[in-house]
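Worksheet for the structure shown next.
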Amino acid sequence: MLSISSFCEKISATKWRLYITSIAFSLVLAPEYSLVSLQTSIGIKKSLGSSNVFVYCMLCTVSLLLYVPLVAWIGRKKCLIIGEVPSVIYTLALLYQNIWTMTIASGLMGVAESIIMPASCAIVNAFYNGEFDGTIRKQSTSVFLTVLACGQAVTSIVPGIMLHDVGVRSNNSNSSMRAGSGDFEISDCGSNDCPMEYAFQQNSEKFQQLIPTRDSLVVFLCFFASLQTFGIIVHCFAIPSDSPGTRAPENESLWSSEKKKQDVKSLLRGSLSKLLLHMRSKLRMLTIPVQIQYGAFSAFLWSEFTRAYISCSLGVDHIGVCLFITYVVSFIVNFAFSRLTSSVSMPMLYFMGLGFEITTYIVAYVWEPDVTSLYVPYLLAGIMGVTHAARRIVSYVTASVYFDDMDSSYIVQTGCAAFGNMIIYAMASATCVYVKIYFLAPLSLLSTTFATIAHFRYWQ
């Protein structure tokens, strides 16, 4: 275990690289997540948005093992940069939304996500130089998540600024809608929102609330594409060369410079055997439901909350404000955790996540939307921020601490989170919001139970 002085010295020597590369990562990923959170609104016609995100999550899950030979062949840094490029392609593809352009772009981004998220351990790895020390990993991971949450908070402001004309349009029509005229009543929002009832109609008054104008969308997307391109350029120069960082054969990383001399088949076979070696622990197997739960809750935030609770009742231009609240709260929780790392135990994190998640579902379920209670989406955004932060911290910290090898841990974490996303997006248009709440609440309780048992029974 490091002494306090050597620990502080290691932080001061490398923290600039951790912050710079984390900021650049947020420039790439935060716009992508912001666009994903808008998809079930701006792509609501024919359910194009949720279908595309489902393709994205599905391909991220099934193509995840591409990272295994790639990281062994070219290293983490190149994997990260290659995986970030399709995010820009996806952003620009939204300028020409149809089933072909969006399906292809979503598929590319899904495959890239299966590479970029495990490869993001290159950022954390640059901090502790591959040494297996739980304290350093926990500290660097929490800093990484804090910066990412801050980036998401900043980029979430953009839709509210650039999609303002939608707010003007929706404000001119809200009075008649809320009075119950036409096919749209505000009481159909919230947990009562059922996309299958209007997504496939030729015309619906709900579309006025959900879909921005063409001009504002073009400016919005070009701005995001510029941010993502800049983040990729920073990573090209700021991330150091990879290092194996191994101490013993049983703890060998999936990445090794010696493997570059092997063919692809040998790389895949050898790396898969090491992945299975790291996975055969009961501790790691029992924490998989926590990773899935994080993905499922994130998808609920990005799809159901943004569409049914914000766009439907307030207008799509208010998504930015509400997500800003969510991510600012998430940032504060992540920052607090980074300062209180040693005093916050894993079981405490598990139960904090469970408590706030159940509170979120209760508020989301019982709220009856009407003109006198339109403050509730803002309140719900704050609660979701705490829940999102707790769930993400649990997901990433369990991946960082419970595994000996960072590559293996991030592969499992990414795959499970993408699988959780996929479940919710598969249900996005087929079921009403309250049905998803019925599914998510028991899943939260079950995953917390398994993770707690794993910690007390198998973690030493």
Side-chain angles (χ1 to χ4, degrees), residues 17-39 42-43 49 52-53 55-57 59-60 67 70 76-97 101-123 126 144-163 212 216-239 298 302 306 319-320 323-324 327 330-331 414 417-418 421:
R17 180 172 286 141
L18 174 65
Y19 280 100
I20 289 174
T21 53
S22 296
I23 290 170
F25 188 71
S26 70
L27 289 178
V28 178
L29 211 63
E32 177 187 314
Y33 286 167
S34 183
L35 291 173
V36 168
S37 67
L38 284 165
Q39 279 299 290
I42 65 177
N52 288 328
V53 180
V55 170
Y56 151 63
C57 297
L59 284 178
C60 178
Y67 177 72
L70 274 177
R76 299 186 187 104
K77 176 181 177 178
K78 291 180 181 178
C79 280
L80 179 66
I81 293 170
I82 290 171
E84 289 174 330
V85 173
S87 294
V88 184
I89 297 174
Y90 177 79
T91 301
L92 296 176
L94 286 167
L95 293 169
Y96 307 97
Q97 292 189 54
T101 58
M102 291 311 304
T103 300
I104 293 172
S106 299
L108 285 174
M109 191 174 71
V111 174
E113 190 85 354
S114 69
I115 300 171
I116 184 177
M117 292 310 297
S120 65
C121 72
I123 297 172
F144 170 68
L145 293 179
T146 301
V147 173
L148 182 58
C150 182
Q152 288 181 274
V154 172
T155 56
S156 67
I157 302 173
V158 178
I161 298 173
M162 295 188 173
L163 305 181
S216 63
L217 190 60
V218 168
V219 176
F220 175 54
L221 295 174
C222 290
F223 177 73
F224 268 176
S226 300
L227 289 181
Q228 291 174 314
T229 302
F230 180 72
I232 294 172
I233 293 172
V234 171
H235 278 167
C236 290
F237 295 98
I239 295 179
S298 297
W302 295 332
T306 55
I319 287 180
L323 286 183
F324 177 73
Y327 291 130
S330 181
F331 165 76
T414 301
N421 291 160

Between the CD1 atom in Ile233 and the CD1 atom in Ile81, the distance rounded to the nearest 0.5 Å is 10.5 Å
Is there a side-chain contact between Phe25 and Ile116 in this structure, where contact means two heavy atoms from C-beta onward sitting under 4.5 Å apart? yes
Using atom types as modelled and distance alone, determine if a side-chain donor or acceptor of Ser34 lies under 3.5 Å from a backbone N or O of Pro31. no
Flag for Tyr56-Glu113: side-chain donor and acceptor within less than 3.5 Å: yes
What do the steps show when you test Cys60 against Val111 for side-chain contact (heavy atoms from CB on, under 4.5 Å), and what is the final call? CA-CA 5 Å; Cys60 178; Val111 174; over 6 Å; no
Reported CD1-to-SG distance for the pair Ile23 and Cys150, which is rounded to 0.5 angstrom: 8.0 Å
Is there a donor-acceptor pair closer than 3.5 Å between any side-chain N or O of His235 and the backbone N or O of Thr21? yes
Going by side chain to side chain donor-acceptor pair (under 3.5 Å), name the residues that satisfy it together with Ser22, two or more places apart in sequence or in a different chain. none
Pair Asn421, Ser298 - check side-chain contact (heavy atoms from CB on, under 4.5 Å), show working. CA-CA 7 Å; Asn421 291 160; Ser298 297; 4.1 Å; yes
Working to the nearest 0.5 angstrom, can you tell me the gap between Leu27 CG and Ser87 OG? 12.0 Å
Considering only distance and modelled atom types, tabulate donor-acceptor pairs under 3.5 Å from the side chains of residues 220-232, sequence neighbours left out.
from   : atom 1 : to     : atom 2 : distance (Å)
Ser226 : OG     : Cys222 : O      : 3.0
Gln228 : OE1    : Thr91  : OG1    : 2.8
Gln228 : NE2    : Val28  : O      : 3.1
Thr229 : OG1    : Ala225 : O      : 2.9

Atom OG1 of Thr103 and atom CG of Leu108: how far apart are they, to the nearest 0.5 Å? 11.0 Å
Mind listing the closest non-hydrogen atom pair of Ala93 and Met102 along with its distance? O-SD, 3.5 Å
Residues two or more places apart in sequence or in another chain: which of them pass side chain to side chain contact (heavy atoms under 4.5 Å, CB included) with Ala112? Pro86
